[in-house]
Amino acid sequence: MIENLKMKKIKKTSIHPAAALLSLALLLLSVSCKTQYDLMLESNDVPAKYKMAFDLFDAGKYSKSASMFESLKIAVKGTLQEDTVEYYTAYSHYCFGDMTAAEQAFDSFISTFPRSPFADKARFMYLDCLYQGTYRYELDQNPTYKALAAINEYLIDYPENDYTAQCRAMIEDLEERLDRKDYESAKLYYTIEDYKAAHYALKLVLKEDANNLYREDIMYYTALSAYKYALNSIPAKQRERYVTFTDDYFSFVSEYPESDYRKELDGLAAKAQNFLSKH
């Protein structure tokens, strides 16, 4: 009786030969499904991995080259290849379009390898990552301020080198973006017909930055806001407000006598003078 129970237990727990063969086949299939890239990524063959990393980079497979270079970092630490691997890890992220990863990698490279032959290019690439990470003028401009500060610092350290022209072009674009944001934010009051607030906000933009790239437009909308504010005021307030418009008008035409806005403002000035002459 006991022997029979033992035999039943053995039969119940034993693996059927067909099932064993199926498991083995699945195991072999999973191994065979691994690509050469997958196998190399797990390999300890440093020279072969190093070569494949550059082959992938040259072939434009930047996501894979980044992973391959990343897998080499521990193996090449302390060797002559260390800065090369670190640099191309960052550069692969950059070429793939992952600016956040590239920015962090280049920043780390700059502090770790300040004397590397790649150091100057890495510092510029870091700036370019910051620049690429900025937003349109309507959105948050904190990344723009960060990029401007870093680029200006770079130009102090390297006033003339291969990247100077590109850095100056970045600065010009970023400053234009900030100027436009200030202008459009102030102009918004004019758009919603709050002419008093528009007049104040537009004046404030030029008070804080007289060289705003949109100066002509700002002065035009300042005068226009003053005119419409006067036009919609109660009679007792209109005279002093038309005088304010007249001052803004003369400021505009003295600075931009050939402006495309001149004809429109001349017409409004004539109406204001007609009112003032009667009152």
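Computed over heavy atoms, backbone and side chain alike; hydrogens, waters and symmetry mates excluded.
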**Message:** For a ring pair (Phe, Tyr, Trp, His ring centres under 6.0 Å) check, start with the C-alpha distance between Phe245 and Tyr227, then their side-chain angles and the critical distance, and finish with the verdict.
**Reply:** CA-CA 5 Å; Phe245 160 73; Tyr227 180 84; 5.2 Å; yes
**Message:** Apply side-chain hydrogen bond (donor to acceptor under 3.5 Å, both in side chains) to residues Tyr214 and Glu176 and explain how you reach the verdict.
**Reply:** CA-CA 9 Å; Tyr214 293 87; Glu176 186 275 335; 2.3 Å; yes
**Request:** Tell me, with the steps shown, if Val85 and Thr89 meet side-chain contact (heavy atoms from CB on, under 4.5 Å).
**Result:** CA-CA 6 Å; Val85 167; Thr89 301; 4.2 Å; yes
**Request:** Decide side-chain hydrogen bond (donor to acceptor under 3.5 Å, both in side chains) for Asn161 and Thr164; before the verdict, give the C-alpha distance in whole Å, the side-chain angles of both, and the deciding distance to 0.1 Å.
**Result:** CA-CA 5 Å; Asn161 70 5; Thr164 300; 3.2 Å; yes
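The two residues Glu216 and Asp260 come nearest to each other via the heavy atoms OE2-N, 4.3 Å. When all heavy atoms of Pro159 and Arg168 are compared, the pair lying nearest together is O-NH2, 4.0 Å. Here the shortest heavy-atom pairing between Ala90 and Ala105 reads CB-CB, 3.4 Å.
Cluster membership for Tyr221 and Leu188, using ILVMFWY side-chain heavy atoms within less than 4.5 angstrom, is not shared. When hydrophobic clusters are built by joining Ile, Leu, Val, Met, Phe, Trp and Tyr residues whose side-chain heavy atoms come closer than 4.5 Å, directly or via intermediates, Val253 is grouped together with Leu224. Tracing side-chain contacts under 4.5 Å through hydrophobic residues (I, L, V, M, F, W, Y), one never reaches Ile171 starting from Tyr137; they form parts of separate clusters. The cluster map of Ile, Leu, Val, Met, Phe, Trp and Tyr, joined by side-chain heavy atoms under 4.5 Å apart, puts Tyr189 and Leu206 in different clusters.
Residues Leu231 and Tyr242 form a side-chain contact, since some pair of their non-hydrogen atoms from C-beta on lies under 4.5 Å apart. Between Gln132 and Asp128, the closest side-chain pair of non-hydrogen atoms falls below 4.5 Å. Using a 4.5 Å heavy-atom threshold, the side chains of Asn212 and Asp209 count as touching. Looking only at side-chain heavy atoms (C-beta outward), Thr134 and Leu130 stay at 4.5 Å or farther from each other. Looking at Tyr163 and Tyr158, their side chains never come closer than 4.5 Å, going by heavy atoms from C-beta outward. Tyr37 has its side chain within reach of Met68: a pair of non-hydrogen atoms, C-beta onward, lies under 4.5 Å apart. Side-chain contact check for Tyr145 versus Leu178: some heavy-atom pair is nearer than 4.5 Å.
Residues forming a side-chain hydrogen bond (donor to acceptor under 3.5 Å, both in side chains) with Lys228 (at least two apart in sequence, or on another chain): Tyr190. A search for side chain to side chain contact (heavy atoms under 4.5 Å, CB included) contacts involving Ser185 returns Lys181, not counting sequence neighbours. Evaluation of the salt bridge (charged side-chain N to carboxylate O under 4.0 Å, His left out) rule for Asp58 yields no partner, not counting sequence neighbours. Partners of Arg241 according to the salt bridge (charged side-chain N to carboxylate O under 4.0 Å, His left out) rule, which considers only residues two or more places apart in sequence or in another chain, do not exist here.
At distances below 3.5 Å, at least one donor-acceptor pair connects side-chain atoms of Gln141 with backbone N or O atoms of Arg136. Looking only at distances, no side-chain donor or acceptor of Thr112 sits under 3.5 Å from a matching main-chain atom of Phe109. Judged purely by atom type and a 3.5 angstrom limit, Ser116 has no side-chain atom pairing as donor or acceptor with the backbone of Phe113.
Under the salt bridge (charged side-chain N to carboxylate O under 4.0 Å, His left out) criterion, the residue pairs touching residues 155-166 are Arg123-Asp157, with sequence neighbours excluded. The salt bridge (charged side-chain N to carboxylate O under 4.0 Å, His left out) pairs that include a residue from residues 94-122 are Glu103-Lys146, where partners are two or more places apart or lie in different chains. Residue pairs satisfying the salt bridge (charged side-chain N to carboxylate O under 4.0 Å, His left out) criterion with at least one member in residues 266-279, sequence neighbours excluded, are listed as follows: Arg262-Asp266. Annotation: ring-ring contact (aromatic ring centres under 6.0 Å, His included) contacts involving residues 249-271, sequence neighbours excluded, comprise Tyr220-Tyr261, Phe252-Tyr256. Within the structure, side chain to side chain donor-acceptor pair (under 3.5 Å) contacts touching residues 192-206 (residues at least two apart or in different chains) are His199-Asp248, Lys203-Asp248.
Here the CD1 atom belonging to Ile218 is positioned 11.5 Å from the OG atom belonging to Ser225, to the nearest 0.5 angstrom. To the nearest 0.5 angstrom, Asn211 atom CG is 7.5 Å from Arg215 atom CZ. For the atom pair OH of Tyr91 and OG of Ser65, the computed distance is 11.0 Å after rounding to the nearest 0.5 Å. Remark: Leu148 CG to Cys167 SG distance equals 11.0 Å, nearest 0.5 Å. For the atom pair Glu184 CD and Thr191 OG1, the distance stands at 8.0 Å (nearest 0.5 Å). To the nearest 0.5 angstrom, Leu268 atom CG is 12.0 Å from Gln273 atom CD.
Using bins of under 30°, 30° to 60° and over 60° for the plane-to-plane angle, the ring pair Phe124/Tyr154 lands in the tilted bin.
The environment of Phe118 atom CZ is dense: over 12 non-hydrogen atoms of other residues, nucleotides or ligands sit within 6.0 angstrom. Under a cut-off of 6.0 angstrom, the local environment of CD in Glu42 is crowded, with over 12 non-hydrogen atoms contributed by other residues, nucleotides or ligands. No more than 12 heavy atoms of other residues, nucleotides or ligands shown are found within 6.0 angstrom of CD on Glu172. Within a 6.0 Å sphere centred on CG of Asp140, heavy atoms belonging to other residues, nucleotides or ligands number more than 12.
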Expected list for residues 45-55: side-chain donor-acceptor pairs under 3.5 angstrom, two or more places apart:
| unit_1 | atom_1 | unit_2 | atom_2 | d |
| --- | --- | --- | --- | --- |
| Asp45 | OD1 | Ala48 | N | 3.3 |
| Lys49 | NZ | Leu41 | O | 3.3 |
| Lys49 | NZ | Ser43 | O | 3.2 |
| Lys49 | NZ | Ser71 | OG | 3.2 |
| Lys51 | NZ | Asp55 | OD2 | 2.9 |

Return all side-chain donor-acceptor pairs below 3.5 angstrom for residues 72-80, not counting sequence neighbours, or 'none' if the list is empty.
| unit_1 | atom_1 | unit_2 | atom_2 | d |
| --- | --- | --- | --- | --- |
| Lys73 | NZ | Glu70 | OE2 | 3.1 |
| Lys73 | NZ | Glu86 | OE1 | 3.4 |
| Thr79 | OG1 | Val76 | O | 2.6 |
| Thr79 | OG1 | Gln81 | N | 3.2 |

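Members clustered with Leu139: Tyr135, by chain and number, using a 4.5 Å side-chain heavy-atom cutoff among hydrophobic residues.
With ring centers used as reference points, Tyr126 lies 6.0 Å or more from Phe106.
Defined by atom type and a distance below 3.5 Å, a donor-acceptor pair is present between the side-chain atoms of Asp38 and Thr35. For the residue pair Tyr131 / Asp173, a side-chain donor-acceptor distance below 3.5 Å is found, with atom types taken as modelled.
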